K.L.:
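Mind looking over this structure? Questions follow.
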Amino acid sequence: VQLQASGGGLVQAGGSLRLSCAASGRTFSNYNMAWFRQAPGKEREFVAVISRSGGSLIHADSAKGRFTISRDNAKNMVYLQMNSLKPEDTAVYYCAAGGQYARVVDRYDAWGQGTLVTVSS
């Protein structure tokens with residue numbers, strides 16, 4: 001499966017962004033989908049995962065109450081709605097597809113190119 005992330009940009013603290021990830025090439029509904037992020041000088045970290053059907057979700061503690069992952073299997077899309085953004089949310093955000101419902105980077109087989117989110121204070 002090929003993934004293309006979009007929707008990043010510059011936003012002020014307290015603002016919102018909606019990231020999108022378009023999938024192509026394989027049956028989208030066969031994959032668990034996740035968002036990870038990587039800030040400068042830091043390791044890639046888990047943000048959220050959604051199961052194949054969309055019936056199960058996990059959000060990282062740093063994202064709970066502010067971010068929401070969702071998917072539309074008819075459109076081969078996964079989204080990350082981000083509200084109440086903070087400067088510490090600044091990072092490159094990556095969407096990922098995998099056979100396992102997991103929070104670990106190496107459980108994912110395919111990655112998008114990343115989209116930069118910058119939150120100014």
Side-chain angles (χ1 to χ4, degrees):
V1 64
Q2 290 79 47
L3 303 175
Q4 179 77 32
S6 62
L10 175 63
V11 63
Q12 289 188 333
S16 298
L17 281 174
R18 187 196 196 202
L19 306 184
S20 299
C21 178
S24 61
R26 294 283 182 97
T27 303
F28 179 66
S29 58
N30 286 347
Y31 293 91
N32 298 291
M33 298 297 298
W35 287 96
F36 288 79
R37 68 185 183 185
Q38 189 165 17
K42 295 188 176 181
E43 292 186 352
R44 194 166 297 190
E45 66 174 6
F46 168 77
V47 176
V49 60
I50 187 166
S51 64
R52 294 176 179 88
S53 67
S56 296
L57 313 171
I58 300 174
H59 294 85
D61 288 346
S62 60
K64 285 179 182 176
R66 300 187 301 125
F67 296 2
T68 303
I69 189 171
S70 63
R71 68 188 295 163
D72 185 337
N73 285 348
K75 296 182 178 179
N76 290 357
M77 297 289 294
V78 63
Y79 306 99
L80 186 68
Q81 178 66 44
M82 304 188 296
N83 299 326
S84 302
L85 282 159
K86 305 174 181 179
E88 52 263 44
D89 294 319
T90 295
V92 177
Y93 284 71
Y94 298 90
C95 56
Q100 297 187 35
Y101 183 66
R103 299 178 239 195
V104 182
V105 168
D106 63 7
R107 293 293 186 265
Y108 289 87
D109 310 307
W111 293 83
Q113 85 288 2
T115 185
L116 176 62
V117 172
T118 304
V119 184
S120 62
S121 58

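Numbers for residues simply follow the sequence, beginning at 1. Being a predicted model, the structure only gives us computed values, none of them experimental.
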K.L.:
Distance from Lys86 atom NZ to Ser121 atom OG, nearest 0.5 Å?
P.N.:
14.0 Å
K.L.:
Got a second to check how far Met77's CE is from Met33's CE, nearest 0.5 Å?
P.N.:
9.5 Å
K.L.:
Are the aromatic rings of Phe67 and Trp35 close, with centres under 6.0 Å apart?
P.N.:
no
K.L.:
Looking at side-chain heavy atoms only, is the closest gap between Gln81 and Ser16 below 4.5 Å?
P.N.:
yes
K.L.:
Is there a path of hydrophobic side-chain contacts, each under 4.5 Å between heavy atoms of I, L, V, M, F, W or Y residues, that connects Tyr101 with Val47?
P.N.:
no
K.L.:
In Å and rounded to the nearest 0.5 Å, what is the CH2 to CZ distance from Trp111 to Arg44?
P.N.:
5.0 Å
K.L.:
Could you tell me which non-hydrogen atom of Ala5 sits nearest to which non-hydrogen atom of Thr115, and how far apart they are?
P.N.:
CB-CG2, 4.2 Å
K.L.:
Can you name the nearest heavy-atom pair linking Asp109 to Gly99, along with the distance?
P.N.:
OD2-N, 3.7 Å
K.L.:
Between Asn73 and Ser29, does any side-chain donor sit less than 3.5 Å from a side-chain acceptor?
P.N.:
no
K.L.:
Quick one: pull up CG in Asn32 and CZ in Arg107 and give me the separation to the nearest 0.5 Å.
P.N.:
12.5 Å
K.L.:
Hydrophobic cluster membership, with links at side-chain heavy-atom distances under 4.5 Å among I/L/V/M/F/W/Y: are Leu116 and Val11 in one?
P.N.:
no
K.L.:
Looking only at heavy atoms, what is the nearest atom pair of Arg37 and Ser62, with distance?
P.N.:
NH2-OG, 3.6 Å
K.L.:
If hydrophobic clusters are built by linking Ile, Leu, Val, Met, Phe, Trp and Tyr wherever their side-chain heavy atoms come under 4.5 Å apart, do Met82 and Val119 end up in the same one?
P.N.:
yes
K.L.:
Does a side-chain N-to-carboxylate-O contact under 4.0 Å join Asp61 and Lys64?
P.N.:
yes
K.L.:
Search all heavy atoms of Ala97 against all heavy atoms of Tyr108 and return the closest pair with its distance.
P.N.:
C-CD2, 3.5 Å
K.L.:
Report the C-alpha distance between Val78 and Ile50 in whole Å, list the side-chain angles of each, state the deciding distance to 0.1 Å, and finish with yes or no for side chain to side chain contact (heavy atoms under 4.5 Å, CB included).
P.N.:
CA-CA 9 Å; Val78 63; Ile50 187 166; 4.2 Å; yes
K.L.:
Same cluster for Ile69 and Phe28 if Ile/Leu/Val/Met/Phe/Trp/Tyr side chains link at under 4.5 Å?
P.N.:
yes
K.L.:
Looking at CZ of Arg66 and OG of Ser84, how far apart are the two atoms once the value is rounded to the nearest 0.5 Å?
P.N.:
7.0 Å
K.L.:
Should the heavy atoms of other residues, nucleotides or ligands under 6.0 Å from CZ of Arg52 be counted, would the total exceed 12?
P.N.:
yes
K.L.:
Can you see which heavy atom on Ser51 is nearest to which on Arg71, and at what distance?
P.N.:
O-NH1, 2.8 Å
K.L.:
Taking the side chain as every heavy atom from C-beta outward, state whether Leu17 and Leu85 have any pair of such atoms under 4.5 Å apart.
P.N.:
yes
K.L.:
Which pair of heavy atoms, one from Gln113 and one from Tyr94, lies closest together, and at what distance?
P.N.:
O-CE2, 3.6 Å
K.L.:
For the CZ atom of Arg18 and the OG1 atom of Thr68, what is their distance to the nearest 0.5 Å?
P.N.:
11.0 Å
K.L.:
Using the rule that Ile, Leu, Val, Met, Phe, Trp and Tyr join whenever any side-chain heavy atoms are under 4.5 Å apart, tell me whether Leu80 and Leu3 fall into a single cluster.
P.N.:
yes
K.L.:
Let me see the working for Val105 and Phe46 under side chain to side chain contact (heavy atoms under 4.5 Å, CB included), right down to the final yes or no.
P.N.:
CA-CA 7 Å; Val105 168; Phe46 168 77; over 6 Å; no
